[in-house]
Structures are given as C-alpha cells and as structure tokens.
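Below is one structure, written out as structure tokens; comments come after it.
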Amino acid sequence: MDCKRIHTTANPMAESTIIGKFFTYWWMNDVFRKGYKRPLENSDIYEILPEDETKGLADKLDSLWNEELKDAQRKNKRPRLRNAFYQVLRIPLCYAGSFTFYGGNNENQCSFAYW
C-alpha cells in the first residue's frame, strides 16, 4: 500500500473563524459527508497547516528540551522530558482539559480529568 499523500484541496481550517475551528468543526463537514458516502481517499484529505506539521513541533520540542537540560544542570536536578512536552502542548492540553472538566454532566461520566 502506497502511503504517499496527495493534497489537492487547501485546508479550510486556515480560513475558518475561532468558533468554527474549535467548537463546531464546520470546516470538516465536507470530509464527513464524503466519508459517509464512500471510503476516503488520499486526495480527500486537506493540506496540513504549517503549525500542525511535525517538523515545527519537533524543532520546538528540541529547543525546549535543550533549555530543560540547561535548567536542570544549573539547578542540579534531573531533567524531565514531560516539562518540555508540557511547554509544547500546554494550550491544546488546557483546551481539551476544560471540555473534559465541564463536559461531564452525566452521572456515568467523569466530571474532571485525572492527571
């Protein structure tokens, strides 16, 4: 199976509003509709936004890990990779955690996230 991605469609999330990006996911309706009617193909998948590319996230993690190493050495402590990951992912984690915390109104659901 060939894993090469062929992007023919610009990502509509780039032009979406804040509400559309994070709350309604309206920009995904076309993909959902296509996936409901038939199996998705590589050409159905949108282009990756620059802020979501692995290269940028890996570079950011690398620089934060180097800072963590220097900070740990200066404080004579053990470096923690989780600190660097938290710095990279803190906004998405806070966003997802807030919905987990406030989303559990049913008695069968947990009303807050366990860390």
> Going from CD on Q73 to NZ on K70, what distance comes out if it is rounded to the nearest 0.5 angstrom?
Replying inline: 10.0 Å
> Got a second to check how far D71's CG is from N66's CG, nearest 0.5 Å?
Replying inline: 12.5 Å
> Looking at Y46 and A10, what are the two nearest heavy atoms and their distance?
Replying inline: CD2-O, 3.6 Å
>> Within this structure, what is the CG-CG distance for the pair L57 and D62, rounded to the nearest 0.5 Å?
In response: 12.5 Å
>> Return the CG to NZ distance between L89 and K60, rounded to the nearest 0.5 Å.
In response: 8.5 Å
>> How close do R80 and E68 get, counting heavy atoms only, and between which atoms?
In response: N-OE2, 3.2 Å
> Are R33 and D44 ion-paired here, with the side-chain N under 4.0 Å from a carboxylate O?
Replying inline: no
> Can you tell me how far the CG atom of L64 sits from the CG atom of N83, to the nearest 0.5 Å?
Replying inline: 10.5 Å
>> Just verifying a value: how many Å separate N11 CG and M28 CE, rounded to the nearest 0.5 Å?
In response: 9.0 Å
